[in-house]
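Worksheet: one structure, shown below.
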Amino acid sequence: RLYTRQFRETTNLQALFVIDVSRSMDFAAKFQMAQAVAAVLGTLVLDQGDAAGVLAVDDRAHLVPPRSGHHHLRLFLAQVAALKPVGAAGVHEALRRAATVLKRRGLVVVISDFYEEVSTLAEVRRLSRMGHDVVVIHTISRDELGLGVEGAAEVVDLESGRTLVVQPETV
């Protein structure tokens, strides 16, 4: 006799999307791109039956814990859409909190401009040592790569509000 067995592989992945909501993300379209990436990847994770959540920290934590299902997709997308880049805390605070949100090994997707990279990369390494898979998505605008101005320019730090007058061609 000939038998055919068909199996559907099931996974129980928990994915947590950590989005940088610091003020430095409010430059050009970096934050909108971060939201779009989180929404698309989160939808893919949830559509395959796995759990997805989102975490962002400004003056308070914005958390939708990882869960699965179509109802949760609406909650996930609503939270991603509601985020605003107005925070003073760096993404490293959110990553520190992510370690407590995920109770077992999972996937952590970090979307940031990594301006406080030393502290952030230390937290990324810590999550990796804990057994989590960590995906880092670096957001950057073309305008950040080259200032495109002649002569002196006044540059404003979006995080602290400090200003600095520089000669771009010498810097």
Side-chain angles (χ1 to χ4, degrees), residues 15-45 52-66 75-102 106-171:
L16 184 64
F17 292 84
V18 178
I19 302 174
D20 186 355
V21 291
S22 63
R23 288 186 197 107
S24 65
M25 291 289 287
D26 194 20
F27 183 77
K30 285 193 315 186
F31 191 72
Q32 290 79 12
M33 184 60 69
Q35 286 177 304
V37 166
V40 168
L41 294 177
T43 301
L44 288 173
V45 169
V54 63
L55 173 65
V57 174
D58 50 24
D59 54 341
R60 65 184 184 87
H62 303 274
L63 172 66
V64 173
L75 292 173
F76 176 85
L77 292 175
Q79 180 62 57
V80 169
L83 294 174
K84 302 285 183 233
V86 295
V91 73
H92 66 279
E93 294 292 330
L95 290 173
R96 187 172 297 130
R97 190 138 208 204
T100 62
V101 170
L102 291 174
L107 173 67
V108 179
V109 179
V110 187
I111 306 170
S112 174
D113 56 11
F114 292 98
Y115 279 156
E116 66 281 339
E117 67 183 48
V118 173
S119 56
T120 301
L121 291 179
E123 290 298 322
V124 166
R125 286 187 195 100
R126 185 172 149 253
L127 284 168
S128 181
R129 283 193 307 270
M130 292 173 68
H132 300 294
D133 292 324
V134 183
V135 175
V136 173
I137 300 174
H138 185 202
T139 59
I140 193 163
S141 168
R142 288 186 198 273
D143 295 335
E144 290 176 298
L145 298 175
L147 291 176
V149 295
E150 300 292 326
E154 183 178 27
V155 181
V156 179
D157 182 353
L158 293 174
E159 302 268 335
S160 66
R162 292 187 323 223
T163 61
L164 180 65
V165 178
V166 297
Q167 295 279 0
E169 56 272 354
T170 62
V171 176

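This chain uses plain numbering: 1 for the first residue, then up along the sequence. Computed over heavy atoms, backbone and side chain alike; hydrogens, waters and symmetry mates excluded.
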According to side chain to side chain contact (heavy atoms under 4.5 Å, CB included), who are the partners of [X], at least two apart in sequence or on a separate chain?
| X | answer |
| --- | --- |
| Val64 | Val54, His72, Gln79 |
| Ala82 | none |
| Ser141 | Phe27, Ala28, Lys30, Asp143, Glu144 |
| Arg129 | Arg125, Arg126 |

Residues Asp113 and Thr139: side-chain donor-acceptor under 3.5 angstrom: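 Asp113 vs Thr139: no donor-acceptor pair found between side chains.
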message: Working to the nearest 0.5 angstrom, can you tell me the gap between Arg23 CZ and Asp26 CG?
response: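 One gets 10.0 Å once the value is rounded to the nearest 0.5 Å.
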task: Output the distance between atom CE (Met25) and atom CD1 (Ile111), rounded to the nearest 0.5 Å.
output: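 With rounding to 0.5 Å, CE (Met25) is 8.0 Å from CD1 (Ile111).
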task: Show your working on side-chain contact (heavy atoms from CB on, under 4.5 Å) between Val135 and Leu107 and close with a plain yes or no.
output: CA-CA 8 Å; Val135 175; Leu107 173 67; 3.7 Å; yes
query: Under 3.5 Å, side chain of Ser128 to main-chain N/O of Val124, donor-acceptor pair present?
result: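 Pair absent, no side-chain N/O of Ser128 close to backbone of Val124.
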field: Residue of the set Val136, Leu95, Leu55 for which side-chain contact (heavy atoms from CB on, under 4.5 Å) holds with Val108
entry: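 For Val108, the side-chain contact (heavy atoms from CB on, under 4.5 Å) check succeeds only for Leu95.
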Val109, Ile19, Asp20 screened by side-chain contact (heavy atoms from CB on, under 4.5 Å) with Ile137, the one that passes: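 Only one option passes, and that is Val109.
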task: Could you tell me which residues satisfy side-chain hydrogen bond (donor to acceptor under 3.5 Å, both in side chains) with Arg96, sequence neighbours excluded, listed by chain and number?
output: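 Once residues adjacent in sequence are excluded, the partners of Arg96 under the side-chain hydrogen bond (donor to acceptor under 3.5 Å, both in side chains) criterion are Glu93, Glu123.
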Can you name the closest pair of heavy atoms from [X] and [Y] and give their distance?
| X | Y | value |
| --- | --- | --- |
| Gln167 | Ala152 | OE1-N, 3.5 Å |
| Ala52 | Phe17 | CB-CE1, 4.2 Å |
| Phe76 | Gly53 | CE1-O, 3.5 Å |

Residue pairs fulfilling ring pair (Phe, Tyr, Trp, His ring centres under 6.0 Å) with at least one residue in residues 123-144, sequence neighbours excluded: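 Sorted result for residues 123-144: Phe114-His138.
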field: Step-by-step side-chain contact (heavy atoms from CB on, under 4.5 Å) determination, Val18 to Val91
entry: CA-CA 8 Å; Val18 178; Val91 73; 3.8 Å; yes
task: Test Val86 against Val21 for side-chain contact (heavy atoms from CB on, under 4.5 Å), laying out the working first.
output: CA-CA 6 Å; Val86 295; Val21 291; over 6 Å; no
field: Side-chain heavy atoms of Leu164 within contact of Glu154, under 4.5 Å
entry: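 Heavy-atom side-chain distance check fails, nothing below 4.5 Å.
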